[in-house]
Novice: 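Let me give you the structure first, and then I'll get to my questions.
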Amino acid sequence: MAIANDIGLDLTPEGRAAMERLNELSSVTIEVGYQADQKAADDETSLAEVAYWNHYGTLHKDGSVMIPARPFMDTIKKHSEELAEFSQQTLSSLETADSVVNAIGSQAKSMIQDAIKDEEWAPNAPITIEGGWMMNEYGKKGKSSTKPLIDTGALRQNCQYVIKKGKK
């Protein structure tokens with residue numbers, strides 16, 4: 001509200017409330033994705049690591065592709081205008097800063113979950129589907145789904161957002 005006062009504006013009650021929400025939001029960060037304490041299906045591996053490997057891809061020791069890159073987290077960047085428009089609408093329609101950040105966090109989370117489910121990613125290799133190197137190296141069975149990123153549903157189901165308040 002300092003800006004409005006500095007230029008001599010007398011705000012309506014609605015304008016004052018909107019400025020207060022903006023002031024509260026100026027020190028808020030919304031982090032969307034996977035947290036270090038989340039575990040994958042094996043209950044040992046960090047889900048953040050699994051997300052990283054799938055997002056960026058991995059290589060075998062000989063340099064061949066083990067996991068192709070499937071950059072599902074980039075959906076936020078790809079749809080930044082859509083998320084910005086949603087954020088503007090949310091700011092205009094919700095009354096508290098907490099409800100605004102929760103709505104934006106939930107929307108961003110849904111965008112990532114939809115990308116995991118709906119995008120066309122490089123398909124799982126037959127050896128992955130059958131168990132191949134996973135069975136030999138890790139004693140795991142093959143995939144129950146031929147669609148990438150969907151096997152256990154853990155990446156899609158456990159995407160979350162965290163709200164951090166404080167100085168940036």
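Computed from a prediction, not measured in an experiment: that's the story for all the values here.
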Novice: Residues two or more places apart in sequence or in another chain: which of them pass salt bridge (Lys or Arg N to Asp or Glu O under 4.0 Å) with Asp114?
Specialist: none
Novice: Answer yes or no: does atom OH of Tyr52 have more than 12 heavy-atom neighbours from other residues, nucleotides or ligands under 6.0 Å?
Specialist: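 No, because the 6.0 Å sphere around OH of Tyr52 holds 12 heavy atoms or fewer from other groups.
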Novice: What distance separates Met19 CE from Glu24 CD, expressed to the nearest 0.5 Å?
Specialist: 12.5 Å
Novice: Which heavy atom in Tyr34 sits nearest to a heavy atom in Ile112, and how many Å separate them?
Specialist: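 Scanning both residues, the minimum pair turns out to be OH-CG2, 4.3 Å.
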Novice: For a side chain to side chain contact (heavy atoms under 4.5 Å, CB included) check, start with the C-alpha distance between Leu83 and His79, then their side-chain angles and the critical distance, and finish with the verdict.
Specialist: CA-CA 6 Å; Leu83 188 57; His79 299 284; 5.9 Å; no
Novice: Can you get from Val28 to Val162 by hopping between Ile, Leu, Val, Met, Phe, Trp and Tyr side chains that sit under 4.5 Å apart?
Specialist: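 No, Val28 and Val162 fall in different hydrophobic clusters.
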Novice: Let me check something: do Leu22 and Ile163 share a hydrophobic cluster, defined by ILVMFWY side-chain heavy atoms less than 4.5 Å apart, either directly or through other members?
Specialist: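 The answer is yes; both residues are in one hydrophobic cluster.
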Novice: With rounding to the nearest 0.5 Å, note down the distance linking OG1 in Thr45 to NZ in Lys39.
Specialist: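 So the OG1 of Thr45 and the NZ of Lys39 are separated by 8.0 Å.
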Novice: Looking at every heavy atom in both His55 and Met73, which two are closest together, and how far apart are they?
Specialist: ND1-N, 3.3 Å
Novice: OG of Ser87 to CD of Glu85: how many Å apart, nearest 0.5 Å?
Specialist: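 Reported to 0.5 Å precision, the distance equals 10.0 Å.
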Novice: Take Ile76 and Met111 through the side chain to side chain contact (heavy atoms under 4.5 Å, CB included) test and state the conclusion after the steps.
Specialist: CA-CA 7 Å; Ile76 299 296; Met111 292 170 84; 4.3 Å; yes
Novice: Give a yes or no on whether Tyr56 and Trp53 share a hydrophobic cluster (residues Ile, Leu, Val, Met, Phe, Trp, Tyr; joining criterion: side-chain heavy atoms under 4.5 Å apart).
Specialist: yes
Novice: Donor-acceptor pairs under 3.5 Å, side chain of residues 91-108 to any protein atom, not counting sequence neighbours: which ones?
Specialist:
from   : atom 1 : to     : atom 2 : distance (Å)
Ser92  : OG     : Gln88  : O      : 3.1
Ser93  : OG     : Gln89  : O      : 2.9
Thr96  : OG1    : Ser99  : N      : 3.0
Thr96  : OG1    : Ser99  : OG     : 2.9
Asp98  : OD1    : Lys165 : NZ     : 2.7
Ser99  : OG     : Thr96  : N      : 3.3
Ser99  : OG     : Thr96  : O      : 2.8
Asn102 : OD1    : Tyr161 : OH     : 2.9
Asn102 : ND2    : Asp98  : O      : 2.8

Novice: Would you name the heavy atoms of Ser26 and Asn23 that are closest together and state the gap between them?
Specialist: OG-O, 2.7 Å
Novice: Determine, stepwise, if the pair Gln113 / Lys117 fulfils side chain to side chain contact (heavy atoms under 4.5 Å, CB included).
Specialist: CA-CA 6 Å; Gln113 290 173 318; Lys117 181 178 59 120; over 6 Å; no
Novice: Do you know the tightest heavy-atom contact between Cys159 and Val32?
Specialist: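 Where Cys159 meets Val32 most closely, the heavy atoms are SG-CG1, 4.2 Å.
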Novice: For a quick test of reading the model, state the closest non-hydrogen atom pair linking Ala115 to Phe72 and the distance between them.
Specialist: CB-O, 4.0 Å
Novice: Looking only at atom types and distance, does a side-chain atom of Arg70 sit under 3.5 Å from a main-chain N or O of Ala122, one as donor and one as acceptor?
Specialist: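 Such a contact is found between Arg70 side chain and Ala122 backbone.
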